[in-house]
Amino acid sequence: HQYYSYKDLMGFFVMLLLLIEIRMLFPNALGDSENFIPANSLVTPLHIKPEWYFLFAYAILRSIPSKLGGVIRLVMSICVLFFLPFLHIKGCRGCSYNVFMQLNF
């Protein structure tokens, strides 16, 4: 298997050399075109949006005008997720005890 390992290492180094050459000779080739737009420090661009895992926090903070109220609601939304397992006190029963499941199946 030493020939396969040598071949894989050689291919890795050739690709690495190619990427380094592109980066050094053409530095703007792999960049974003929006980097050349002059920035306005007074206005947030419309295309900037939070990542998907921050969308709930972003929506909570934007919906409440008070900063303190938004932070309190944000903390409460996390606390609800913490206490949710403790609120489930009913034991799990099978489908044979559920009337709607008996009617459907």
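Counting heavy atoms from C-beta outward, Leu18 and Phe13 have side chains that stay 4.5 Å or more apart.
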Going through the checks in order, is the side chain to side chain contact (heavy atoms under 4.5 Å, CB included) test met by Gln2 and Tyr6?
CA-CA 6 Å; Gln2 72 184 25; Tyr6 177 73; over 6 Å; no
Go through Ser77 and Leu81 one step at a time and tell me if the side chain to side chain contact (heavy atoms under 4.5 Å, CB included) criterion holds.
CA-CA 7 Å; Ser77 69; Leu81 294 176; over 6 Å; no
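Scanning all heavy atoms of the two residues, the minimum distance from Ala57 to Leu74 falls at CB-CD1, 3.4 Å. Shown here for Pro65 and Ser63, the closest heavy-atom pair between the two residues is CD-O, 3.8 Å. In plain terms, the two heavy atoms of Ile60 and Gly70 that are nearest each other are CG2-O, 4.0 Å.
Taken from CE in Met10 to OG in Ser5, the straight-line distance is 14.5 Å, to the nearest 0.5 Å. Here the CE-CZ distance, from Met76 to Phe82, works out to 13.0 Å after rounding to the nearest 0.5 Å. Atom CG of residue Leu17 and atom CD1 of residue Ile22 lie 10.0 Å apart, to the nearest 0.5 angstrom. Separation of atoms CD1 (Ile72) and CD1 (Ile64) is listed at 9.0 Å; rounding is to 0.5 Å. We find the CG-CZ distance between Asn28 and Arg23 to be 7.5 Å, quoted to the nearest 0.5 Å. For the atom pair CG of Leu61 and NZ of Lys67, the computed distance is 10.5 Å after rounding to the nearest 0.5 Å.
By the rule that hydrophobic residues join a cluster once side-chain heavy atoms approach within less than 4.5 Å of another member, Ile37 and Val43 end up as members of separate clusters.
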